[in-house]
Amino acid sequence: MITSTVESAQISNAIATPTVTQTRHYQIVIIGAGAAGITTASLLFNNNHSLDIAIIDPSDKHYYQPGWTLTGGGVFQIQDTVRNQRDVIPKDATWIQDKVIHLDPDQNRVLTRSGIQVEYDYLIVCPGIQIDWHLIEGLKESLGKEGVTTNYSPRYAPYTWELIRNFQGGNALFTFPNTPIKCGGAPQKVMYMADDIFRIKWGVRQRTNVMFLSSLNKLFTVPEYSNLLDNVVQERNIQVKFRHNLKAIKAETKTAIFDILDNNCNVIDQVSYSYDMIHVAPPQSAPDFIKHSPLAVPNNLYGWVDVNADTLQHKRYPNIFSLGDASSLPTSKTSAAIRKQAPVVAKNLLSLMASKPLLSQYDGYTCCPLITGYNRTIMAEFNGYNGKPLSSFPLNPIKERAIMWTMKVTVLPWIYWNRMLKGERFEGEYIKFMQWKP
């Protein structure tokens, strides 16, 4: 799901505050020009083009992040997943190409790295998720060489495909960390595509041990989909090791060190596996500037923005909303979830501005297209709040289907660039939104 990803260094105890060089004021400030920020801004402008909106984001590129898995599987080139940021930001918005480093919600202002103090009447916080590479010893130093890769960065996704297509046998490890992550199915998707490639290359799969090592105790949060995936790994002879959390990469010996966790996530043992290739899903959290702010969930290790799960309004600061990966919403962090969250934020913000009740509610819907091989995908739609499967199609969703592979590879990217980011979708709530006034 595409968001503005912050790939951070180690969290510091104190955040240096630069000198304020200028002060600006906007009616609405949006932190983050990823899927959440752009979609919400477009929906707001589609309702009222006279709104004064500023979007703060340092990146000059906008990525369709679901495409990184397909890049790692050789279906896309990395350039297929990227556009210029300027081309997707709504033309009526002011783009402040800078990074937020400090939040001051009591004074209705944020501070950027270059010293711009941005004041606001209303704030939408959606900067995406932070990749905490440093939490796995040796990972940053070993990525992109000698068999260590990840699809959680556009820099390394092409290397994943290089490793898969050139693999000649041995141990192929795929990991899932002991933190929430964006697109929780991604660590498995690349594994199934790799397994397919190993099988069509003469003798490679027979010489290969494919292993999925996860900190969780099941393959997916929704039991019906998890049971289906259990059958997939069994049929493919993939070894699954639950409660294994990657702690370190020893590149010099090509060894991965895992903590073994109990059901309360306490470390009870340690084990090591050699690898010939390893795809790492890294630990993730909210960006540091949120963790160290009053907006974060109190006493929460990951620092998510503390919002009401229905209205997406902040629990303590009513003029602030949040959606997407950095929010505290108890559901999967995917672009499909953002598609449903953005109209809720836009409607409720406009209602707040009009001094009317916040009636729009997010119902927890999300979707994770689970690629189980080339030409096979489970369109895993579900309610993240109650864990119940859903389906937007007149088909049983708990099934691998070729048509859902086509949806994943061709239809969803087109919808993202041509409909979602423009606030134009064919679901009922988007059509109704265009006709709605607070």
Side-chain angles (χ1 to χ4, degrees), residues 1-6 22-65 82-105 108-130 286-287 289-290 293 295 305 307 312 314 317 319-327 335 338-339 341-350 352-353 416-417 419-424:
M1 32 9 89
I2 164 78
T3 54
S4 300
T5 305
V6 182
Q22 58 177 293
T23 298
R24 306 183 190 176
H25 181 274
Y26 299 90
Q27 183 183 28
I28 300 169
V29 170
I30 299 175
I31 300 175
I38 298 300
T39 302
T40 306
S42 294
L43 287 166
L44 289 168
F45 279 127
N46 288 348
N47 185 273
N48 183 352
H49 282 281
S50 68
L51 292 171
D52 178 26
I53 300 177
I55 301 174
I56 308 175
D57 194 292
S59 178
D60 63 352
K61 300 298 182 184
H62 185 108
Y63 286 95
Y64 176 63
Q65 290 188 35
V82 64
R83 301 284 190 276
N84 289 325
Q85 191 75 278
R86 181 70 271 174
D87 294 337
V88 298
I89 288 180
K91 61 181 179 61
D92 293 321
T94 300
W95 176 24
I96 301 174
Q97 191 175 359
D98 206 343
K99 179 181 178 181
V100 171
I101 63 167
H102 184 68
L103 297 168
D104 186 1
N108 293 328
R109 62 193 183 193
V110 305
L111 186 62
T112 72
R113 181 167 47 194
S114 67
I116 303 173
Q117 183 171 271
V118 184
E119 300 175 345
Y120 58 83
D121 298 326
Y122 305 93
L123 179 67
I124 301 172
V125 183
C126 47
I129 210 164
Q130 175 171 286
F289 72 88
I290 296 175
S293 80
L295 297 188
V305 182
V307 295
L312 283 61
H314 197 274
Y317 296 94
N319 64 332
I320 296 176
F321 293 81
S322 181
L323 70 160
D325 295 350
S327 74
S335 62
I338 290 170
R339 284 192 294 114
Q341 294 164 13
V344 174
V345 170
K347 285 183 178 182
N348 283 338
L349 175 55
L350 291 171
L352 182 67
M353 294 169 66
Y416 181 83
W417 294 115
R419 290 291 184 268
M420 178 174 167
L421 292 185
K422 297 176 181 179
E424 301 171 0

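Heads up: numbering here begins at 1 and tracks the sequence.
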Minimum heavy-atom distance between [X] and [Y], given as atom pair plus value:
| X | Y | result |
| --- | --- | --- |
| Ala93 | Ile55 | CB-CD1, 4.0 Å |
| Val344 | Leu312 | CG1-CD1, 4.2 Å |
| Thr39 | Ala342 | CG2-CB, 3.7 Å |

Counting C-beta onward and ignoring hydrogens, is there a side-chain heavy-atom pair between [X] and [Y] closer than 4.5 Å?
| X | Y | result |
| --- | --- | --- |
| Leu103 | Phe289 | yes |
| Leu421 | Ser42 | no |
| Gln85 | Gln97 | no |
| Tyr317 | Asn108 | no |
| Leu350 | Leu51 | yes |
| Tyr120 | Pro105 | yes |
| Ile96 | Tyr26 | yes |
| Pro58 | Thr112 | no |

Show your working on side chain to side chain contact (heavy atoms under 4.5 Å, CB included) between Ile53 and Asp92 and close with a plain yes or no.
-> CA-CA 8 Å; Ile53 300 177; Asp92 293 321; over 6 Å; no
Take His25 and Asp121, measure what side chain to side chain contact (heavy atoms under 4.5 Å, CB included) needs, and give me the verdict at the end.
-> CA-CA 8 Å; His25 181 274; Asp121 298 326; 3.2 Å; yes
Under the side chain to side chain contact (heavy atoms under 4.5 Å, CB included) rule, what do Asp104 and Leu111 come out as? Steps first, then yes or no, please.
-> CA-CA 8 Å; Asp104 186 1; Leu111 186 62; over 6 Å; no
Examine distances only and state if a side-chain atom of [X] and a backbone atom of [Y] form a donor-acceptor pair shorter than 3.5 Å.
| X | Y | answer |
| --- | --- | --- |
| His62 | Ala33 | yes |
| Asn84 | Arg86 | no |
| Asn46 | Lys422 | yes |
| Gln341 | Gly324 | yes |

Audit row: His314, Val305, side chain to side chain contact (heavy atoms under 4.5 Å, CB included) steps and yes/no = CA-CA 8 Å; His314 197 274; Val305 182; 3.8 Å; yes
Can you spot which of Val125, Ile290, Leu123, Val345 makes a side chain to side chain contact (heavy atoms under 4.5 Å, CB included) with Ser322?
-> Val125
Can you tell me how far NE2 of His102 sits from CD of Gln117, rounded to the nearest 0.5 angstrom?
-> 9.0 Å
